[in-house]
2 protein chains.
Amino acid sequence: MLCVTVDNYLTDEDRSFLASYDPRAFPPVAVTVDLVILTVRDGELCVLLIRRGEPPQRGRWALPGGFVGPDETLDEAAARELAEETGLRAGAHLEQLATFGDPGRDPRMRVVSVAYLALVPDLPMPIAGTDAAEARYRPIADIESGAVLAFDHGRILAEGVERARAKLEYTGLATTFLDEPFTVADLRRVYETVWGVPLHPANFRRKVLSTPGFVEPTGEKLATGRGWAELYRRGTTAHLHPAIPRPPAG
Amino acid sequence: MLCVTVDNYLTDEDRSFLASYDPRAFPPVAVTVDLVILTVRDGELCVLLIRRGEPPQRGRWALPGGFVGPDETLDEAAARELAEETGLRAGAHLEQLATFGDPGRDPRMRVVSVAYLALVPDLPMPIAGTDAAEARYRPIADIESGAVLAFDHGRILAEGVERARAKLEYTGLATTFLDEPFTVADLRRVYETVWGVPLHPANFRRKVLSTPGFVEPTGEKLATGRGWAELYRRGTTAHLHPAIPRPPAG
DNA sequence: TAAATAGTGTCTATCAGACAGTATTAT
DNA sequence: ATAATACTGTCTGATAGACACTATTTA
């Protein structure tokens, strides 16, 4: 294997050691990335699921994912999978979530899966890949109330949803769920949908607009709906000071 | 490979598919766990490092770690490594940090490393393993100011330290750095050491004691030092309400 | 007119941060 | 006596949460 990245760190001793090193002496392990792609549509928090078109567990709903290529970083593999499934290349938020590697979580072999979390705006339609019979955004509520996902994907999804809920509190990531421009009420509905609690409109507005860098006014106003509403774009601040406090129970 | 865990999920189709499945068709990848073991000693935040006794990068300081066994979960492998290096079996905090898998991060082969973060009290002495010439707790400040670690361990350490700093704010984990019983001043010194900022003793005391479940009084008093100080044990609450706010810069 | 929504202003309880001050012990 | 530390009490400014109120548009 060619490893130019750290080649300049190698000593002569390293080089002679590597010449006699056999990577195939280790038990076979596969490394994959699985994606928790969340979006908000029609007042519901939804996740992109694919129905498996190949065994094992053909016909069952699963998170999209795939093998990490030999020359890819983990982040690159996740970005490639996200683009393949949604068509999105930029504008979405993508971060590593956690890694799942219990023996027996996949019946084929030892599979260590690095899970990623993506937050995307409401998109036209997902793209069904070669190994997927069908791809669809499905409400979280449906999965939480019974529907069983393939492998340990239910647990991965639960961690992704919890991470997303927590991150809305102290980052400006809620705006990545929205197309620009948006109103303060649109942003509030994102929080209400993801957290599952109603928020006080007046207090929410005051907090959002008093947090520097959260949203930028476009100066335009939207006349649709009742009355009129000012329009905003995403701000530049990743970390919110102060945070948007999450109500205790939900 | 025997995979009983999800065996009852297998359909007849799955079983016939698996009979013709060859795990060795994939490029060889090794999965390891690396540990960021942090402690507070002599007013400094320290990390357990080993000096590599085998190539590659023999003689360079690195995080302790090792291969994940074929029948181990990732958490089990991390707990085993922690016990091997420190002798600790319980009482320490251990959580998954992030996964690092850039091609070329290890010159031997493609190595995907699942990093774990451990917070431990001040311990007698670390144990040098078979592949380590030496094991020592070294101050974070020494590494941040120049000392280069093996592979990408500098980046892993930086993420671990940042996670630890963030977690002190909203969890009761600071107490895992201390032997019981401890005083409020001991706990304050942990925060001051990890965050690198002085905290107001009076305000710190008020916040800690008004946060239910953070610390439990033993009823005893310690007469050493000037005056006397009340002694406490770790509380049961993992999540702090309200949080211990971290001062902005520093 | 009634209902729904965008936006403004105000009141109150709480908390962070700063500081004054007391009690106790080592030097 | 002086310095250092543990601990208590008080004051101020900021903010979360609740509510009242106006303006505007649709049904």
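Since the model is a prediction, treat every value here as computed from it, not as a measurement.
One can place CD of A:Glu192 at 13 Å from C1' of C:dT5, the figure rounded to the nearest angstrom. Between B:Lys221 atom NZ and C:dT25 atom C1' there is a gap of 15 Å when expressed in whole angstrom units. Remark: P of C:dT5 and CG of A:Leu199 are 15 Å apart, rounded to the nearest angstrom. Atom CD of A:Glu220 is separated from atom P of C:dA6 by 18 Å (rounded to the nearest Å). A:Arg188 has its CZ atom 12 Å from the C1' atom of C:dA4, to the nearest Å. Regarding A:Ile244, its CD1 atom lies at a distance of 10 Å from the P atom of D:dG17, rounded to whole Å. The CG atom of A:Leu222 sits 12 Å away from the P atom of D:dT26 (whole-angstrom rounding).
Between A:Tyr191 and A:Val197, every side-chain heavy-atom pair lies at or beyond the 4.5 Å cut-off.
Across all strands, A:Pro242 comes closer than 4.0 Å only to sugar-phosphate atoms, never to a base (heavy-atom distances).
Partners of A:His241 according to the side-chain contact (heavy atoms from CB on, under 4.5 Å) rule, which considers only residues two or more places apart in sequence or in another chain, are A:His239. Contacts of B:Arg163 classified as side-chain contact (heavy atoms from CB on, under 4.5 Å), with partners at least two apart in sequence or in another chain: B:Glu95, B:Leu97, B:Leu117, B:Lys167. The salt bridge (charged side-chain N to carboxylate O under 4.0 Å, His left out) search around A:Glu192 returns A:Arg188, not counting sequence neighbours. Listed by chain and number, the residues in a side-chain contact (heavy atoms from CB on, under 4.5 Å) with A:Val112 are A:Val29, A:Thr99, B:Val31 (sequence neighbours excluded).
Each of C:dA18, D:dA18, D:dA6 was ranked by its minimum atom distance to the side chain of B:His200; first place goes to C:dA18.
Between B:Phe182 and B:Tyr232, the gap from one ring centroid to the other reaches at least 6.0 Å.
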What N/O pairs connect the protein and nucleotides 7-11 of chain C at under 3.5 Å? Give each pair on its own line.
from	atom 1	to	atom 2	distance (Å)
C:dG7	OP1	A:Glu230	N	2.7
C:dG7	OP2	A:Arg205	NH1	2.8
C:dG7	O5'	A:Arg205	NH1	3.3
C:dT8	OP2	A:Arg205	NE	3.1
C:dT8	OP2	A:Arg205	NH2	3.3

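Contact between the side-chain N/O atoms of B:Lys207 and the OP1/OP2 oxygens of C:dG17 is found at a separation under 4.0 Å.
Counting only residues at least two apart or on different chains, no salt bridge (charged side-chain N to carboxylate O under 4.0 Å, His left out) pair has a member in residues 209-220 of chain A. Listed by first then second residue, pairs satisfying salt bridge (charged side-chain N to carboxylate O under 4.0 Å, His left out) with a partner in residues 196-211 of chain B number zero, not counting sequence neighbours.
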Result block: side-chain N/O donor-acceptor pairs under 3.5 angstrom for residues 150-158 of chain B, not counting sequence neighbours:
from	atom 1	to	atom 2	distance (Å)
B:Asp152	OD1	B:Arg105	NE	3.3
B:Asp152	OD1	B:Arg105	NH2	2.9
B:Asp152	OD2	B:Arg105	NE	2.7
B:His153	ND1	B:Leu63	N	3.0
B:His153	NE2	B:Asp34	OD2	3.4

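Heavy-atom distances under 4.0 Å link DNA chain D to no residue of residues 172-181 of chain B.
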